There are 2 protein chains.
Amino acid sequence: MTDLADGAAPRRARGGTAPTIYDVARAAGVNPSTVSRALSRPERVSTATAQRIREAAAELEFHLNPTARALQTGRTNTLALMIGDITNPVVFDIIRGATAEAAQHGCTLIVTDSEESSTREAADARRLIPAVDGLILAITRLADEQIHDLARRKPLVVVNRDVGDRAASVLADLDPGIGAAVEHLAELGHRRLAYVPGPVVSWISGQRLLAIERACARLGLDCEAVGPRRPTREGGAAALDEVLATGASAVLGYNDMMMLGLLEAAASRGVRVPEQLSVVGFDDIFGADFASPPLATVRMPLALAGRRAVRMVLGHERAGAPLPTEFVPRPSAGPVAA
Amino acid sequence: MTDLADGAAPRRARGGTAPTIYDVARAAGVNPSTVSRALSRPERVSTATAQRIREAAAELEFHLNPTARALQTGRTNTLALMIGDITNPVVFDIIRGATAEAAQHGCTLIVTDSEESSTREAADARRLIPAVDGLILAITRLADEQIHDLARRKPLVVVNRDVGDRAASVLADLDPGIGAAVEHLAELGHRRLAYVPGPVVSWISGQRLLAIERACARLGLDCEAVGPRRPTREGGAAALDEVLATGASAVLGYNDMMMLGLLEAAASRGVRVPEQLSVVGFDDIFGADFASPPLATVRMPLALAGRRAVRMVLGHERAGAPLPTEFVPRPSAGPVAA
DNA sequence: TTGTATGCGTTATCAC
DNA sequence: GTGATAACGCATACAA
């Protein structure tokens, strides 16, 4: 079978470098191309030689060189997950779902953080695109046209943003979650709502407002949007005054981060939640459940979105129905004061 | 932009495939090897031809194929950052620091999540190691020997764990932060502390206890460790009874996640913090500052740790002094009841 | 079923 | 300073 090695260590045909299929071929007494077949297309090789080759490979601790394979096949088994701002807790679940799904397909995931810079995001995309089989964009700052250009070169999926029919996207159906949230507020006696938008350029922020307005129209509530804010705790805190000025008894915010900030501002200024103001966020990020008071929120299945994005970019799934959102009632949404 | 060859679009020498240095060479009227030099080693080419080549490359929208380059040079300009559990918020600062530093060096970062499985971590490492220039292990579940094996094949840095002199690591100096925390508790009148360890296998958990014991010895306090727990909110919540049973007036936990859980358990059971029990965590994760009450904690500069890990694995920095930790006082640590 | 020959796109080693 | 040519390690038509 194998020559006697002079130790427990696998014998390396050549110095410190990793063994190649040539080394395996020599050890197994076959041609290198047979080794390649045995490892990539086992069904095209007799079971006997396949067995011999596997043993030789194991003995040598051989592993296919992914770079060489990629150069030949054009496929890298690698996906890029481009994150606009990795400090945003919503991406945690997306990353987790995506890495898990990618692993199931034998794919590795490259995660980039653009630190909110569209310039950097564009540069990373250009650099990465020849080295990956597909791109997933989460919280992208790129313009629709830039996204379309990328999508012409490699499979591309955008999470949580509709960029038209020239690029695929994983979207959420906001109505179930937002509908339930507004219904809940209506049942608690609220009649007048405020919405704190995120960045004006955010497509999803606009969608959230539209869904809120649909629900309000259906249930006969008023809704007023205040000035847009940065999607941060500071932005939410800064919005408190304006929200109170609207006379609304409940506020919905672009995301949890902002409402967490608004909650802090309310506490430090003696505005009681939910007695004086009910608060509802979006995303159900880490911390929403143990904020004080715990933050009611509308969430979408982000890990599922990450998984679906991977399946779509790999061509294993076509764009399906939007993912359902869900309302999570918590103490920050309470009855309107008598 | 259109794909029409005779439009304003860059002319593609061949069909849909990306242009190569051969295409650039033909367009610039030079040899392919000169193109390669002009792009990788501009100083070895006359400025005139370099200029011509750059123009031709730009015209063709040419980009070096990183796969082919990697096959030839053996360098991929890629690092793997292997995360033991990506749901742990501490890793996000590490990821952020590492991605930023890697970007500065023109390196891309592959992030993996082992989902707490050492088997999977080992498999990912074996699969990735031929495709990267180095490995960074954060929250690794691998045994020291496995780590040493990997370190023999590629540069490797472990974050927050000492694996001896056979692999590099980025460590924290726990004494400043823990010393300040214990001093703070002592000044508040505490005399008896409890420590809730994380997993018994966790090297860093043991280190934290040792540092606490050093500080207690110095300041004349008592410290008792209770049974180890899972490093989760559930684990921390489950430890509450045992902590109270020790008679300690203050508890330090392996990490913030656990102490956040303990805080919740205390609230739901009517144990007032800090009046009946002061609580101190580790890591200063997202949410620690707005928990109720806000959680005092000891933090290390995790983003800096990520940056340093990248520099070390790239060979740009040798292991330096441990990174300093810092105590962050917050209301969960208060005066001992009279 | 297996072996032969060639190409993937780049860099490296020579010549010139 | 530039050109020709051989690797890098694998996959794949094609021949046997």
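These numbers were taken from a predicted model, which means no experiment stands behind them.
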How long is the line joining NE2 of His63(B) and P of dG9(C), in whole Å? 15 Å

note: Arg69(B), atom CZ; dG9(D), atom P; distance rounded to Å ~ 18 Å

Rounding to 0.5 Å, atoms CD (Glu317(B)) and CZ (Arg308(B)) come to a distance of 5.0 Å

Give one of base, sugar-phosphate or nothing for Thr49(A), where a contact means two heavy atoms less than 4.0 Å apart. sugar-phosphate

Round to a whole Å and report the spacing from OH of Tyr22(A) to P of dG9(D). 9 Å

Backbone N or O of Arg75(B) within a donor-acceptor pair of the Thr73(B) side chain at under 3.5 Å? yes

Test Arg141(A) against every option in Glu116(A), Gln146(A), Glu121(A) by the side chain to side chain donor-acceptor pair (under 3.5 Å) rule and name the one that passes. Glu116(A)

Taking only the side-chain heavy atoms of Gln72(B) (C-beta and beyond), determine which of dG9(C), dT2(D), dG9(D) contains the nearest atom. dG9(C)

Rounded to whole angstrom units, what separation is found between the CZ atom of Phe62(B) and the P atom of dG9(C)? 10 Å

Has Asn31(B) got a side-chain N or O lying under 4.0 Å from the OP1 or OP2 atom of dA4(D)? yes

Does Ser46(A) place a side-chain N or O at less than 4.0 Å from the phosphate oxygens OP1/OP2 of dT2(C)? yes

May I ask you to list the residues of residues 33-42 of chain A, by number, that have any heavy atom positioned under 4.0 Å from an atom of DNA chain C? Ser33(A), Thr34(A), Arg37(A)

Hey, could you give me the CD1/CZ distance between Ile129(A) and Arg153(A), rounded to the nearest 0.5 Å? 4.5 Å

Choose from dG9(D), dG7(C), dG3(C) the nucleotide whose nearest atom is closest to any side-chain atom of Thr20(A). dG9(D)

Let me know the distance between CG of Asp23(A) and C1' of dG9(D), rounded to the nearest Å. 11 Å

In whole angstrom, give the distance that lies between atom CG of Leu64(A) and atom C1' of dA11(D). 10 Å

Measure from the side-chain N and O atoms of Arg37(A) to the backbone N and O of Arg44(A), and report whether any donor-acceptor pair falls under 3.5 Å. no

How close or far is atom C1' of dG1(D) from atom CD1 of Ile53(B), stated in whole angstroms? 11 Å

Of Gly29(B) and Thr73(B), the one whose closest DNA chain D nucleotide lies more 5': Gly29(B)

More than 12 foreign heavy atoms under 6.0 Å from CD of Glu145(B): is that the case here? no

In whole Å, what is the span from the CD1 atom of Ile21(A) to the P atom of dG3(C)? 12 Å

Could you go step by step and tell me if Arg96(B) and Asp85(A) meet the salt bridge (Lys or Arg N to Asp or Glu O under 4.0 Å) rule? CA-CA 9 Å; Arg96(B) 176 149 200 143; Asp85(A) 173 18; 3.3 Å; yes

